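All figures in this text were calculated on a predicted structure; none of them were measured in a lab. Just so you know, ligand 1 is whichever comes first in the structure, and atom 1 is the first atom listed for that ligand. One-based numbering along the sequence shown.
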Amino acid sequence: MKIAFCCTGTKPEPWIEGLRAALPGAAVEVWQAGARAADHAVVWAPPQQFFDEQPQLKGVFNIGAGVDALLKLKLPPKATVVRLDDAGMSVQMAEYVCHAVIRHFREFDAYEADIRVGKWSYRKPAERSDFPIGVMGLGVLGERVARALTQFEFPVMGWSRSVKQISGVRCFASAAQFDDFLAASRVLVNLLPLTAETLNIMRLDTLSKLQPGGYVINVARGAHLVDEDLLTLLDSGHLAGAMLDVFRTEPLPPVHPFWQHPKITITPHTSARTLRDQSIAQIAGKIRSLEAGQPIAGTVDLTRGY
Ligand code: NDP
Ligand code: OXD
């Protein structure tokens, strides 16, 4: 069995070593133009040339959870496309979102600013019941985040395409219940995949439906959010702030207003990192399953787009 590794921006050597150790007998090689035909590919943001040269691929394994960039390419016709299914990302995402919510709710940013100027002052504690949190996307990451937030006794809502039942979470489903979900939320967490249906989903009319003093946490993709509309709603005071991990252009261009905005906190697409050892173990297991004709969790539905 031959495996081609083609991950832009990723140091290949430790992955190659890990994949070889996990799949003894497999020939694992870094792809180079004109390389011989492989059975499976491990990819992140590969060039179109890679797939054009490898039409015979049986499996394409993405080393991230989101496949929006991959699905823009012309893929090998018979390949099963598989994304990372947690592999250590959901706990990181829960940490990040709980941190963002608690930092805002407890006003830790304001305390930090006071302490920096030598000011010892108290703020009136906010009511948890005044901070209902809506999580868009209740998949592998969103469900873990929603469950984690319930541990802090916030009212938690969730929204997905299909109907869900999650203990402690008020679940809404489909476009028909989107407005009710937004109206019930003050903090909005985005964990949707980027698809034709979810592009620009956070824009003026949708974010305006959040409760006054709303707060936006975007940890999915930059193109879910219309940047100018966020700025408009922050300036009007309808939104109190935002914590953003993902952007339309990454790295965020130096002139972008998000860098310096006093109500926006940014992080450099780091809320849930791909963990190499866990990812290699998961991908190796799935390559074995695919070779054995067994079903695989995390298989991408190409028509749905995630
Ligand atoms: P999943 O595919 O497991 O979950 C996606 C969820 O979104 C599902 O609940 C799905 O509903 C819901 N959904 C999809 N389309 C719609 C729609 N049109 N309306 C309502 N709900 C919809 O994905 P993951 O949880 O693994 O990952 C989510 C995203 O997080 C990734 O696509 C990626 O972009 C982003 N991500 C960001 C990272 C970062 O570091 N910032 C790291 C990892 C991922 P249903 O369950 O009904 O199908
Ligand atoms: C992912 C990401 O999709 O890191 O896994 O954004």
>> Quick check on the hydrophobic clustering: are Leu71 and Ile63 connected, directly or via other members, by side-chain heavy-atom contacts under 4.5 Å?
In response: no
>> At under 4.0 Å between heavy atoms, is it the side chain or the backbone of Lys164 that contacts ligand 1, or both, or neither?
In response: side chain
> Starting from atom 8 (C) of ligand 1, which protein heavy atom do you reach first, and at what distance in Å?
Replying inline: Gly139 N, 3.6 Å
> Can we call the ring centroids of Phe131 and Tyr215 under 6.0 Å apart?
Replying inline: no
>> Give the atom numbers and elements of ligand 1 that come within less than 4.0 Å of a heavy atom of Ala65.
In response: 26 (O), 43 (C), 44 (C)
> Relative to the heavy atoms of Val246, which atoms of ligand 1 are at a distance of less than 4.0 Å?
Replying inline: 41 (N)
> When only distance counts, is Asp68 in polar contact with ligand 1, meaning an N/O pair under 3.5 Å?
Replying inline: no
> Taking the six-membered ring of Phe108, is NZ or CZ of Arg103 closer than 6.0 Å to its centre and within 45° of its axis?
Replying inline: no
> Step by step, would you call His256 with Asp227 a side-chain hydrogen bond (donor to acceptor under 3.5 Å, both in side chains)?
Replying inline: CA-CA 10 Å; His256 198 288; Asp227 296 359; 3.0 Å; yes
>> Rounded to the nearest 0.5 Å, what separates atom NZ in Lys2 from atom CD in Glu29?
In response: 4.5 Å
>> Using a plain distance cutoff, I'd like to know if Met89 has any nitrogen or oxygen under 3.5 Å from a nitrogen or oxygen of ligand 2.
In response: no
> Is Arg248 atom CZ crowded by more than 12 heavy atoms from other residues, nucleotides or ligands, each under 6.0 Å away?
Replying inline: yes
> Out of Arg144, Met89, Gln92, Arg161, whose heavy atom sits nearest atom 15 (N) of ligand 1?
Replying inline: Arg161
>> For the residue pair His238 / Ser208, report whether a side-chain donor-acceptor contact shorter than 3.5 Å exists.
In response: no
>> Within the supplied structure, the quantity of interest is the number of heavy atoms (other residues, nucleotides, ligands) at a distance under 6.0 Å from Arg128 CZ; does it exceed 12?
In response: yes
> Considering only protein heavy atoms, which is closest to atom 39 (C) of ligand 1, and at what distance to one decimal place?
Replying inline: Ser271 OG, 3.3 Å
> Do ligand 2 and His269 have nitrogen or oxygen atoms that lie under 3.5 Å from each other?
Replying inline: yes
> With a cut-off of 4.0 Å, which atoms of ligand 1 are near a heavy atom of Asp245?
Replying inline: 39 (C), 40 (O), 41 (N)
> atom 25 (O) of ligand 1: which of Asn190, Leu141, Val135, Leu84 has the nearest heavy atom?
Replying inline: Leu141
> To the nearest 0.5 Å, what is the distance between OH (Tyr306) and CZ (Arg161)?
Replying inline: 4.0 Å
> For ligand 1, is there an N or O atom under 3.5 Å from any N or O atom of Ser162?
Replying inline: yes
> ligand 1 versus Met93, non-hydrogen atoms closer than 4.0 Å: side chain, backbone, both, neither?
Replying inline: side chain
> In ligand 2, which numbered atoms sit nearer than 4.0 Å to a non-hydrogen atom of Gly64?
Replying inline: 1 (C), 5 (O)
> Nearest heavy atom to atom 13 (N) of ligand 1: which of Leu191, Leu192, Asp86 does it belong to?
Replying inline: Leu192
> Of the protein's non-hydrogen atoms, which lies at the shortest distance from atom 18 (N) of ligand 1, and what is that distance?
Replying inline: Glu197 OE1, 2.9 Å
> Can you find a non-hydrogen atom of Arg273 under 4.0 Å from ligand 2?
Replying inline: no
> Is Asp68 salt-bridged to Arg221, going by a charged N under 4.0 Å from an acidic O?
Replying inline: yes
>> Checking Gln282 against Gln278 for the side-chain hydrogen bond (donor to acceptor under 3.5 Å, both in side chains) test, could you report, in this order, the C-alpha distance in whole Å, the side-chain angles of both residues, the deciding distance, and whether it holds?
In response: CA-CA 6 Å; Gln282 183 175 109; Gln278 292 186 46; over 6 Å; no
> Does ligand 2 have any atom sitting under 4.0 Å from a heavy atom of Arg221?
Replying inline: yes
> So, do Trp159 and Phe178 have ring centers that fall under 6.0 Å from each other?
Replying inline: yes
> Do the side-chain N and O atoms of Asp245 and His269 include a donor-acceptor pair separated by under 3.5 angstrom?
Replying inline: no
> Would the number of heavy atoms belonging to other residues, nucleotides or ligands and lying under 6.0 Å from CD of Gln32 be above 12?
Replying inline: no
>> Among all protein heavy atoms in this structure, tell me which lies nearest to atom 10 (C) of ligand 1, with the distance rounded to 0.1 Å.
In response: Tyr306 OH, 3.6 Å
> Should the heavy atoms of other residues, nucleotides or ligands under 6.0 Å from CD of Glu17 be counted, would the total exceed 12?
Replying inline: no
> Is the closest side-chain donor-acceptor distance between Thr270 and Tyr96 under 3.5 Å?
Replying inline: no
> Taking the minimum heavy-atom distance to atom 7 (O) of ligand 1, which of Gly142, Pro193, Gly64 ranks first?
Replying inline: Pro193
> Is Ala65 in polar range of ligand 2, meaning some N or O pair under 3.5 Å apart?
Replying inline: yes
> What is the nearest protein non-hydrogen atom to atom 42 (C) of ligand 1, stated with its residue, atom name and distance?
Replying inline: Ala272 O, 3.4 Å
> How far is atom 19 (N) of ligand 1 from its nearest protein heavy atom, and which residue and atom name does that atom have?
Replying inline: Trp159 CH2, 3.3 Å
> Is any N or O atom of Thr195, backbone or side chain, closer than 3.5 Å to an N or O atom of ligand 1?
Replying inline: no
>> Suppose I only count heavy atoms of Leu138 and a 4.0 Å limit; which atoms of ligand 1 are within that range?
In response: 6 (C), 8 (C), 9 (O)
> So which protein heavy atom does atom 26 (O) of ligand 1 come closest to, and at what separation?
Replying inline: Arg83 NH1, 2.8 Å
> Does an N or O from Val140, backbone or side chain, lie closer than 3.5 Å to an N or O of ligand 1?
Replying inline: yes
>> Could you check whether atom CD of Gln294 has more than 12 heavy atoms from other residues, nucleotides or ligands sitting under 6.0 Å from it?
In response: yes
> Near His269, which atoms of ligand 1 are under 4.0 Å from a heavy atom of that residue?
Replying inline: 39 (C), 40 (O), 41 (N)
> So, is Val219 polar-close to ligand 1, with some N/O to N/O distance under 3.5 Å?
Replying inline: yes
